[in-house]
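Scroll down for the structure; my scribbles are underneath it.
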Amino acid sequence: MRFASLGSGSRGNALLVEAGKTRLLIDAGFGPREMSRRLERLGLAAEDVDAVLVTHEHSDHVGGVFACARRFGWNVLLTHGTFAASRDDRVDANVTIIDSHESFPVGDIVVQPFPVPHDAREPVQFVLADGARRLGVLTDAGHVTAHMVAMLDACDALVLECNHDARMLAEGKYPQALKRRIGGPWGHLDNAAAATLLSQIGCSGLRHVVAAHLSEENNSPELAQAALSAALGCERDWVGIATQDEGFAWRDL
Ligand SMILES: [Zn+2]
Ligand SMILES: [Zn+2]
């Protein structure tokens with residue numbers, strides 16, 4: 001299995017996972033032209049992707065899903081709530097409704113969704129497995145639940161939200177209501193919460209940890225790396241960063 005990011009943050013998200021003959025995206029927050037351009041950087045054409053799993057209906061995740069699905073022939077897999085909140089009846093896409101607690105295969109990849117607390121209708125995140133390795137993905141969660149800890153335990157790789165630094169958010173220029181939303185229990189994980197999650201799960205098998213969905217306004221890569229590396233007891237540089245413009249290159253699992 002290998003994985004890469006096409007971009008991560010409030011201006012668009014897409015994570016690519018490949019195992020065997022199967023290529024899945026988690027989210028498509030870019031339109032067809034931008035998606036093609038970003039996939040090209042990873043040596044792929046948009047038609048090489050089989051399906052897109054959608055975490056929730058916020059536009060940085062679903063913005064390009066239906067246009068890309070129609071253009072490139074992708075299957076769309078999402079919860080009932082996410083579909084209800086994002087469906088576009090003008091677009092004829094091949095949609096499969098998933099259960100947020102039920103695992104299912106897509107080609108050579110087994111997908112385990114799990115619900116997360118976020119201000120969306122039925123948001124989920126995913127653990128993807130190829131029979132040998134498990135990749136855990138978690139962004140867009142306001143706080144860490146016991147179920148999330150159980151799901152992400154003992155993964156081989158993690159892509160983990162480090163949205164903001166609590167002090168930068170508090171002292172920054174966002175309006176109070178937005179600060180409360182981002183920092184609240186249905187908003188986004190800050191660096192400290194992501195680090196605490198790492199201390200609650202089995203990390204001994206981790207080969208990759210990538211901090212994702214960083215705010216360009218209220219965080220820095222250095223602060224995210226410092227928080228996660230302290231929790232893991234590793235070098236700061238070992239913790240990867242998923243950037244808005246570049247995402248990150250292929251990582252082998
Ligand atoms: Zn988001
Ligand atoms: Zn969101």
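Ligands are counted one by one from 1 in listed order, and the atoms in each one are counted from 1 as well.
Judged by distance alone, the side chains of H213 and D60 do bring a donor and an acceptor atom under 3.5 Å apart. Looking only at atom types and distance, the side chain of N75 has no donor-acceptor partner in the side chain of D50 under 3.5 Å away.
H213 contributes NE2 as its N, O or S atom closest to the Zn ion (ligand 1). When the N, O or S atoms of D140 are ranked by distance to the Zn ion (ligand 1), OD2 comes first. Within D60, the N, O or S atom at minimum distance from the Zn ion (ligand 1) carries the name OD2.
At a threshold of 2.8 Å, the Zn ion (ligand 2) has no backbone or side-chain N, O or S atom of H188 nearer than that distance.
Seen from the ring of F66, R70 does not count as a face-on cation partner, given the 6.0 Å and 45° thresholds. For R38 and F30, the positive end sits near the middle of the six-membered ring, less than 6.0 Å away and at most 45° from its axis.
When ring centroids are compared, H188 and H143 stay outside the 6.0 Å threshold.
When NE2 of H56 and ND1 of H58 are joined through the Zn ion (ligand 2), the resulting angle is 90° to the nearest 10°.
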